[in-house]
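Below: the structure, in structure tokens.
In this text the structure is predicted, and so the values were computed from the model without any measurement.
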Amino acid sequence: MGAPILQVRGLTTRFRTDRGELTAVDDASFDVDRGETVAIVGESGSGKSVTALSILRLIPSPPGRIAAGEVIFEGRNLLELDNASIRDIRGNKIAMIFQEPMSSLNPSLSVGIQVAEPIHEHRRTPWAAALEKATELISRVRIPDAQSRLASFPHQYSGGMRQRIMIAMSLGCAPSLIIADEPTTALDVTVQAQILDLLKQITKETGTALMLITHDLGVVARYADRVIVMYGGRIVETAPARELYKSPRHPYTVGLLTSVPRLDGDTGQRLIPIDGQPPDLARLPPGCAFAPRCRAAIERCHHERPKLEPVSPTHQKACFVDANLVQ
Amino acid sequence: MKTYVARRLLALVPTLFFASLIVFVTVRLIPGDVIDLMLSQNDVSASKLTRDQLVAALGLDRPMWEQYGRWMGGILFRGDFGQSLWQSVPVSELLLARMPVTLELGLLALIVALIVAIPIGVYSAIRQDTTGDYIARSFSILMLAVPSFWTGTMVMVFPSIWWGWSPEVRFVPFTENPIQNLKQMILPAIILGTALSAVSMRLTRTMMLEVLRQDYIRTAWAKGLSERLVVARHALRNALIPVVTLIGVQAPLLIGGAVIMEQIFVIPGMGLLLLDAVYQRDYPIITGVFLVVGVAIMLLNLVIDLSYGLLDPRVRYR
């Protein structure tokens, strides 16, 4: 498979708030391989979106700041690039798709301009040619009659169509990585699958790596090659998707899996909710962030922070408890 | 769009009717009487005529409603705004001569206001809480606090004391000598414009800050655009819509300011015409000026409403 396309090492992002500085992402390390689909899963506030935004340095600053870490892409640390060089990566080598298609497109610019813009800016393609390429991309995301739609505006589209436009926009410069931050959360259930299928198919055709941020385990099972589970700003488990489903090793992952209904599960099987509330990032316990809610927690979990350690060559977890007990 | 414009123009009719009534009546309620003024001056006509004859000659003996009817009828059917009571010149002639001057001053002041307000407002927003932002905001508070008639008077008085230089006061029409004309107009336009710019600057700043927090601005950054493009192409247009509205709201202020500037800088526009007419109780001129200004402000606001369509594609005129 060769060297990973993206290596994140010890990424730590902090936000200043009224209650002091909180750590939204704490020492996160992971790789994304070429052409691979990696899902980052977690509840809201788990740090998954902040991780995604930190990679392209899109954290609003202030109040946010990337406190530590490295993001290695094509041999360069993105966190150390000057402004012009990071701009050259954004939308060109790494593209991003956002959660809210309703508000993520500019209401006063035509769809054609918005899709053609990255091509024009990064490739120095004249507008006419860039718009032609945009037409191609718009039909590629299966919006019929692309030519005549160039001059239309986002408010004339439904949420699903807008997200297709966002996808078309991200493809303009043939990026080697697309980061999709909860791309379907704001959409109707029926549209969600269409959008994800499209995204999956296009990234497969072009060999683009996809980083899929989601809280939806159903999405993960169907689309991801590998899964990173985050809790309280920390990575708690990472494994190939199939393996994670078959033998989750972290109590939180187990909790996530048993709290979601499964189509292939026994009918009448009870769902087991995770007790308690998501953690308050400003008041994380000294030990494992999940310990207060964990059914398997031992004394040590409350004082000492578990490190991410390998269970197998492809599977890592951050938990002191014996894996068998967890299951 | 066409039907929208037609409907808006039609809606002007009742508005103007009520405006004209109010203007016509209130002007006649100003204390002091034109007849007394005329008789008190050793005017030739006054010395020969008795008071009653003078009143009758000016048509002021008629009931108010009849005077109004004649006046309105004249405007509607003959474009006749009546005669000046003092100069026996048609008011329409005076208006036509003075209107372009005030229009020019207002337009120049508006351009100055926008040139000052928009760039500084944008700068202030994208460099929020920096020294530059504080300077810009203090400047705008200063502009708000200092009345333009004071600035105008200072500009008129002090340079002549210090350097023996004073602004041009001999009026030359733009069509005759544009440079000479602008030399006189530019100072009052700058004073009026900067005074007006204060509010627009604050609004531009506020709206830019608001827009820069939007999701689509994050999208623009994620596309790898430069700050210049993010601001100019993606943010500014969306931020300007309320600023344009504000310009419509400020139009009466602009005209009020022009009246004062014309007085200070001796510019023969409608403001000076109006002021002289008020001193002399020259009713037809006062009503004529008010009516023309009213129509101008209403038309300006119509144009502004139409310009939303250019700025925001979501706007549809029905």
- Item | Closest non-hydrogen atom pair between A:Leu6 and A:Leu177, with its separation | CD2-CD2, 3.9 Å
- Mind listing the closest non-hydrogen atom pair of B:Ala113 and B:Ser197 along with its distance? O-CB, 3.5 Å
- Query: For B:Gly121, does its backbone N or O pair with a side-chain atom of B:Arg205 as donor and acceptor, under 3.5 Å?
  - Reply: no
Between chain A and chain B, which donor-acceptor atom pairs come closer than 3.5 Å, counting both backbone and side-chain atoms?
residue  : atom : partner  : partner atom : Å
B:Asp215 : OD2  : A:Ser103 : OG           : 2.5
B:Tyr216 : N    : A:Ser103 : O            : 3.1
B:Thr219 : OG1  : A:Ser104 : O            : 2.7
B:Ala222 : O    : A:Gly91  : N            : 3.0
B:Lys223 : O    : A:His122 : NE2          : 2.7
B:Lys223 : NZ   : A:Gln114 : O            : 2.8
B:Lys223 : NZ   : A:Glu117 : OE1          : 2.8
B:Arg233 : NH1  : A:Glu117 : OE2          : 2.5
B:Arg233 : NH1  : A:Glu121 : OE2          : 3.2
B:Arg233 : NH2  : A:Glu121 : OE2          : 3.2
B:His234 : O    : A:Asn106 : ND2          : 3.1
B:His234 : ND1  : A:Asn106 : ND2          : 3.1
B:His234 : NE2  : A:Glu117 : OE1          : 2.8
B:His234 : NE2  : A:Glu117 : OE2          : 2.9
B:Arg237 : NE   : A:Ser108 : O            : 3.4
B:Asn238 : OD1  : A:Ser108 : OG           : 3.2
B:Asn238 : ND2  : A:Asn106 : OD1          : 3.0
B:Asn238 : ND2  : A:Ser108 : OG           : 3.3

- Message: Need one label for A:Ile89: side chain, backbone, both or neither, based on atoms under 4.5 Å from any heavy atom in chain B.
- Response: neither
- Message: Under 4.5 Å from any heavy atom of chain B, what part of A:Met166 do you find: side chain, backbone, both or neither?
- Response: side chain
Quick check for you: to the nearest 0.5 Å, what is the distance between [X] atom [atom1] and [Y] atom [atom2]?
| X | Y | atom1 | atom2 | answer |
| --- | --- | --- | --- | --- |
| B:Leu110 | B:Leu192 | CG | CG | 9.5 Å |
| A:Ile40 | A:Ile179 | CD1 | CD1 | 8.5 Å |
| B:Leu302 | B:Met298 | CG | CE | 11.5 Å |

- Message: Under 4.5 Å from any heavy atom of chain A, what part of B:Leu225 do you find: side chain, backbone, both or neither?
- Response: both
- Is there side-chain contact between B:Val295 and B:Leu16, with at least one heavy-atom pair below 4.5 Å? yes
